[in-house]
Each structure stands twice: as C-alpha cells, then as structure tokens.
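Written out below as structure tokens is the structure these notes cover.
The shown structure was predicted, so the numbers you read here are calculated from the model rather than taken from an experiment.
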Amino acid sequence: MNDTKVTDSILYIGADDKTIDLFESQYVVPNGISYNSYVILDEKVAVMDTVDARKTDEWLANLDSALGGRDVDYLVVSHMEPDHASNIQALAEKFPGMQVVGNAKTFSMISQFFDIDLTGRSMTVKEGDSLSLGSHTLTFYMAPMVHWPEVMVTYESSEKVFFSADGFGKFGALDTEEDWACEARRYYFNIVGKYGARCRHSLRRRRPWTSRSSARCTAPF
Ligand SMILES: [Fe+2]
C-alpha cells in the first residue's frame, strides 16, 4: 500500500490496480490505475468514496487498519461510477448506523446500481452545504458532468484538503514513476475532456480551492 497519510487525520485507503488492461474497457493503462478512497478521523468518521469491485478486499483491509476499531459515521459519494462507488452497499451493510451523503441525483442513481434500502440513512446535500465532523468541516460543491451528472466535490476547510472526484485524475498507479503531465493530459482528454466547458465553469466559480490558498488536492499527483 502507498503512503497512507494525507494529513495526520486524513488517510488514504485506496488501492492500485496493475492487473487491469483497459480502463473502462477501452483505454490502455500500461502503468495501471489507482482507485482513490480516504477516511477522515475526527469525532465523527467519514469515508470519502469507495473503490472498484476488483479491489474490495484490499480496500476493506486498508479501511479496517485506518479505523482501528472505530465505526464509520458517514460515506460521502462524490461519483457513482463503479471505480468510485462499487462498495457502497458493502459499506452500508458493514456499518448499519452509517449515513450515506450525496446529492439528489446521487440517490436517484444508487437504486439503479444496488438493491439497498437507505431509508433514514441518506443525507441529501446541495451546493454549499456543510457537514461538521468535529474539528473538520466538509463543504460540498456540485460539479455536474465532470463527468457524470451527479458528480460533486468536497472541500475540507480546517486542513484545506480538496476531494476532487474525477476532476484532476490521471492514469497510472500511485507508485508509478512516470511523467505526470502526460498521463494526466491523456486522462483529461479521454475521460472528462468532452465536458471541458463544465470543468472550466467549475474552476472559474469562486470556490475555496481556486483561491491562492495552499489547498491540497487529493487527486493522484
Ligand atoms: Fe468518472
């Protein structure tokens, strides 16, 4: 597993996949890819996205290690594409008290992917809504069509950490030594470039991570 610490309380629990030959069954990924998921440890515990079903066991082991016996209070779903979201049901079943955090479009899509009843367990957020975990505060911003309609990004303001969904992704497993810009560019114009206007719109709006502050981004740099 890669270095697990984004900060002392925000841990990477994702997984590299170096056995996949074609991402989304069409893009060559000679250095694999990473499925990025994080846990935030505070008075409340939040998990930021899950991973692809190809890496469920490794992800659950990483999660258990990070939790140290604690329960998960919230799962934030930034994107319903399977490489982010395949384990929503598994996590909901593992932690029956966990709330699933998403926007209205997220919840209209979850029922199309999973046979799961989230009655009383769903927290629907909209642009600018915040969720306090204790000392950490998550604020949610909608980023529709970057690159599915339900996509949203999250900014954690106490440590200035930005959870960017697909927005600044790249091909390549995290431990790969390669030219970052080349594979990020190839990811962008294959995966989200079709929605370039939406990406520009999202970046140009006055939002915390677009300021000159020192926000850290959880995309796999
Ligand atoms: Fe995506």
Side-chain angles (χ1 to χ4, degrees), residues 12-15 17 20 22-27 29 33-40 46-56 58-60 62-63 72-95 98-129 131 138-156 162-171 187-188 190-196 198-199 201-202 217-220:
Y12 179 80
I13 56 170
D17 187 348
I20 190 170
L22 296 174
F23 182 65
E24 297 187 346
S25 301
Q26 54 186 327
Y27 304 107
V29 282
I33 55 176
S34 65
Y35 307 119
N36 297 334
S37 172
Y38 305 86
V39 63
I40 305 176
V47 169
M48 311 300 288
D49 277 337
T50 72
V51 299
D52 194 274
R54 295 166 57 89
K55 290 291 177 177
T56 296
E58 182 176 337
W59 174 72
L60 285 172
N62 293 344
L63 174 64
V72 175
D73 297 290
Y74 301 105
L75 169 63
V76 175
V77 180
S78 69
H79 186 16
M80 280 301 298
E81 201 167 16
D83 57 332
H84 296 245
S86 285
N87 286 285
I88 290 175
Q89 184 159 358
L91 199 65
E93 291 173 351
K94 183 177 174 72
F95 297 104
M98 182 189 81
Q99 294 275 314
V100 178
V101 181
N103 57 66
K105 289 175 187 169
T106 314
F107 290 110
S108 71
M109 294 175 74
I110 281 181
S111 60
Q112 299 172 41
F113 285 85
F114 301 105
D115 180 18
I116 183 173
D117 181 4
L118 292 176
T119 302
R121 300 182 60 189
S122 59
M123 179 181 294
T124 304
V125 297
K126 59 185 186 309
E127 177 80 11
D129 282 355
L131 171 63
L138 304 178
T139 304
F140 307 102
Y141 300 91
M142 305 301 115
M145 298 317 299
V146 186
H147 83 287
W148 277 15
E150 83 297 354
V151 172
M152 67 180 192
V153 297
T154 303
Y155 185 66
E156 197 294 300
F162 176 44
F163 298 89
S164 60
D166 275 359
F168 303 103
K170 69 177 283 289
F171 295 127
Y187 179 93
Y188 183 82
N190 279 292
I191 306 300
V192 291
K194 181 179 178 181
Y195 312 108
R198 290 285 193 169
C199 295
H201 176 73
S202 179
C217 179
T218 57

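- Considering CD of Glu127 and CZ of Phe140, their distance stands at 12.0 Å, rounded to 0.5 Å.
- In this structure, CG on Leu75 lies 11.5 Å from CE on Met123, to the nearest 0.5 angstrom.
- Classification of Asp129 and Lys126 as a salt-bridged pair holds, one side-chain N sitting under 4.0 Å from a carboxylate O.
- Qualifying ring-ring contact (aromatic ring centres under 6.0 Å, His included) partners for His79, counting only residues two or more places apart in sequence or in other chains: His84, His147, Trp148.
- Counting only distance, with no hydrogens or angles, the side chain of Asp49 and the backbone of Ala165 share no donor-acceptor pair below 3.5 Å.
- Nearest heavy atom pair, residue Gly196 against residue Tyr188, reads CA-OH, 3.4 Å.
- Of all heavy-atom pairs between Gly167 and Val146, the closest is CA-CG1, 4.0 Å.
- Screening Met142, Lys105, Met145 for a side-chain contact (heavy atoms from CB on, under 4.5 Å) with Glu150, the sole residue that qualifies is Lys105.
- For Val47 against Ser37, the heavy-atom pair with the smallest separation is CG1-OG, 4.1 Å.
- Between Glu24 and Ile191, the closest side-chain pair of non-hydrogen atoms falls below 4.5 Å.
- In this structure, the side chains of Ser34 and Tyr12 come closer than 4.5 Å at one or more pairs of heavy atoms.
- Of the possible donor and acceptor atoms, one in the side chain of Asn62 sits under 3.5 Å from a partner among the backbone N and O of Gly14.
- Between Tyr38 and Phe163, the ring planes are perpendicular. Angles over 60° get that label, and only those under 30° would be called parallel.
- Contact detail for Ala143 and Val153: the closest heavy-atom pair is CB-CG1, 4.4 Å.
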Arg121 and Val100: side chain to side chain contact (heavy atoms under 4.5 Å, CB included), yes or no, with the steps? CA-CA 6 Å; Arg121 300 182 60 189; Val100 178; 5.6 Å; no
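- With contacts defined as side-chain heavy-atom distances shorter than 4.5 Å, the pair Leu63/Leu91 qualifies.
- Between the Gln26 side chain and the Leu22 main chain, no donor and acceptor come within less than 3.5 Å of each other.
- Proximity of a side-chain donor or acceptor of Tyr27 to a complementary backbone N or O of Asn190 within less than 3.5 Å is detected.
- A 4.5 Å side-chain heavy-atom check between Tyr74 and Ile40 finds every atom pair outside the cut-off.
- Here the OG1 atom belonging to Thr56 is positioned 3.5 Å from the CG atom belonging to Asn87, to the nearest 0.5 angstrom.
- Here the CD1-CG distance, from Ile20 to Asp83, works out to 8.5 Å after rounding to the nearest 0.5 Å.
- Inter-residue side-chain proximity for Val101 and Leu131 is flagged as met; some heavy-atom pair is nearer than 4.5 Å.
- With sequence neighbours left out, Lys94 forms a salt bridge (charged side-chain N to carboxylate O under 4.0 Å, His left out) with Asp64.
- Taking Gln89 as the reference, Glu93, Phe114, Ile116 meet the side chain to side chain contact (heavy atoms under 4.5 Å, CB included) condition, with sequence neighbours excluded.
- Gln99 contributes a side-chain N or O that, together with a main-chain N or O of Gly120, makes up a donor-acceptor pair within less than 3.5 Å.
- Trp59 CH2 to Asp52 CG: the interatomic distance, rounded to the nearest 0.5 Å, is 12.0 Å.
- One distance of note links OG of Ser78 with CG of Asp166; it measures 7.5 Å at 0.5 Å rounding.
- Met80 places none of its side-chain heavy atoms less than 4.5 Å from the side chain of Gln112.
- Contact detail for Phe23 and Phe171: the closest heavy-atom pair is CD2-CE2, 3.5 Å.
- With Asp17 contributing its side chain and Ile33 its backbone, the two residues share no donor-acceptor pair below 3.5 Å.
- For the pair Thr139 and Gly128, the tightest heavy-atom approach, listed with the atom from each and the gap, is CG2-O, 3.7 Å.
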